K.L.:
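Sharing a structure with you now.
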Amino acid sequence: MSNLAFQDSYPEELSHCYGCGKNNSHGHQLKSYWDGDETRAVFMPQAFHTAIPGFVYGGLIASLIDCHGTGSASAAAYREQGRELGSLPEQRFVTAALNIDYLAPTPMGVELELRGVIREVKARKVVVDITLSAMGKVCAKGHMVAVKMPETMMSSVVVNEDALKAI
């Protein structure tokens, strides 16, 4: 695996995401990496991520799949173009569609592993399939369509950056 997390290549002004933003101290701080042709991230749920005692809240699972998927989409776009992560112009993606199937209860107290498989890379769209596993058992599967971040979102970042610094 590469030593640089996809999310660590995002520019400072685009690093405030609750799921993966390095500038959001209250967030998950998810870090995704290439592992061969797949992408991989791990996450250790905390007690406050509980649905019922002993099991992870489904919303956490959805947010982890979402953030791993958009990070994987960004990395796949760079790879497809033969470019280094973080090089200009930015390759940032947002979720256009996300479908999650919850297959088994996800236990607390164990590291969760996310794996992404890139299914399609186009100029403005990347399709990613993601699994979330606990102790080798797949607990959830996600299918994501990620699209290139619209310019309107990129330009609004500059206007809202001071507000985000308070996070």
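Just so it is clear, the model here is predicted, and its values are computed rather than measured.
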K.L.:
Report the residues that fulfil side-chain contact (heavy atoms from CB on, under 4.5 Å) with Ala41, sequence neighbours left out, ordered by chain and then residue number.
P.N.:
Leu30, Ser32, His68, Leu114
K.L.:
Looking only at non-hydrogen atoms, find the nearest pair between Gly69 and Val128 and report the distance.
P.N.:
O-CG2, 3.9 Å
K.L.:
Less than 4.0 angstrom from a charged side-chain N to a carboxylate O is my criterion; do Arg40 and Glu38 meet it?
P.N.:
no
K.L.:
Does any non-hydrogen side-chain atom of Pro105 lie less than 4.5 Å from one of Phe55?
P.N.:
yes
K.L.:
State, to 0.1 Å, how close Val110 and Ala134 come at their nearest heavy-atom pair, and which atoms those are.
P.N.:
CG2-CB, 3.9 Å
K.L.:
side-chain contact (heavy atoms from CB on, under 4.5 Å) for Met144 and Thr70? Distances and angles first, verdict last.
P.N.:
CA-CA 8 Å; Met144 169 181 275; Thr70 56; 3.8 Å; yes
K.L.:
Taking the side chain as C-beta and beyond, is there a heavy-atom pair between Met135 and Pro107 under 4.5 Å?
P.N.:
yes
K.L.:
Would you compute the distance between atom CD1 of Ile118 and atom CD1 of Ile130 and round it to the nearest 0.5 angstrom?
P.N.:
8.0 Å
K.L.:
Nearest 0.5 Å please: distance from the CZ atom of Phe43 over to the OG atom of Ser63.
P.N.:
7.5 Å
K.L.:
Would the distance check show the side chain of Thr39 and the main-chain N or O of Gly116 forming a donor-acceptor pair, the cut-off being under 3.5 Å?
P.N.:
yes
K.L.:
Mind listing the closest non-hydrogen atom pair of Gly58 and Tyr102 along with its distance?
P.N.:
O-OH, 2.9 Å
K.L.:
Measure the CE-CD distance between Met108 and Gln46 for me, rounded to the nearest 0.5 Å.
P.N.:
7.5 Å
K.L.:
Determine whether Pro45 and Leu60 make a side-chain contact, defined as any pair of heavy atoms from C-beta on separated by less than 4.5 Å.
P.N.:
yes
K.L.:
Does the side chain of Gln91 reach to within under 4.5 Å of the side chain of Gln81, using non-hydrogen atoms?
P.N.:
yes
K.L.:
Any side-chain heavy-atom pair from Val138 and Ser133 closer than 4.5 angstrom?
P.N.:
yes
K.L.:
Closest approach of Ile61 and Ala140, non-hydrogen atoms and distance?
P.N.:
CG2-CB, 3.7 Å
K.L.:
Once you round to the nearest 0.5 Å, how far does NE2 of His49 lie from CE of Met44?
P.N.:
12.0 Å
K.L.:
Can you tell me if Gln29 uses its side chain to pair, donor with acceptor, with the backbone of Gly21 under 3.5 Å?
P.N.:
yes
K.L.:
Over all heavy atoms of both residues, which pair between Phe6 and Tyr33 is shortest? Give the atoms and the distance, please.
P.N.:
CZ-C, 3.3 Å
K.L.:
Indicate yes or no for a side-chain donor-acceptor contact from Asn23 to the backbone of Glu12 under 3.5 Å, with no hydrogens or angles considered.
P.N.:
yes
K.L.:
Which value, rounded to the nearest 0.5 Å, describes the distance between Leu132 atom CG and Lys137 atom NZ?
P.N.:
12.5 Å
K.L.:
Would you mind reporting whether Cys20 and Tyr10 have side-chain heavy atoms less than 4.5 Å apart?
P.N.:
yes
K.L.:
Regarding Asp8 and Lys22, does a basic nitrogen lie under 4.0 Å from an acidic carboxylate oxygen?
P.N.:
no
K.L.:
Can you confirm whether or not the ring centre of Tyr18 sits under 6.0 Å from the ring centre of His26?
P.N.:
no
K.L.:
With sequence neighbours left out, write down each residue that passes side-chain contact (heavy atoms from CB on, under 4.5 Å) with Ala96, or none if nothing qualifies.
P.N.:
Val145, Val147
K.L.:
In Å and rounded to the nearest 0.5 Å, what is the OG to CD1 distance from Ser72 to Ile65?
P.N.:
11.5 Å
K.L.:
Side chains of Val127 and His143: closer than 4.5 Å at any heavy-atom pair?
P.N.:
yes
K.L.:
Any heavy-atom pair between the side chains of His28 and Leu64 that's under 4.5 Å?
P.N.:
yes
K.L.:
Name all pairs fulfilling the salt bridge (Lys or Arg N to Asp or Glu O under 4.0 Å) condition that reach into residues 71-88, sequence neighbours left out, sorted by first residue then second.
P.N.:
Asp37-Arg79
K.L.:
Quick one, Glu120 with Lys122, criterion salt bridge (Lys or Arg N to Asp or Glu O under 4.0 Å). Give me CA distance, side-chain angles, the key distance, then yes/no.
P.N.:
CA-CA 7 Å; Glu120 179 181 336; Lys122 298 214 173 185; 3.7 Å; yes
K.L.:
Is it the case that atom OH in Tyr78 sees more than 12 heavy atoms from other parts of the structure closer than 6.0 Å?
P.N.:
yes
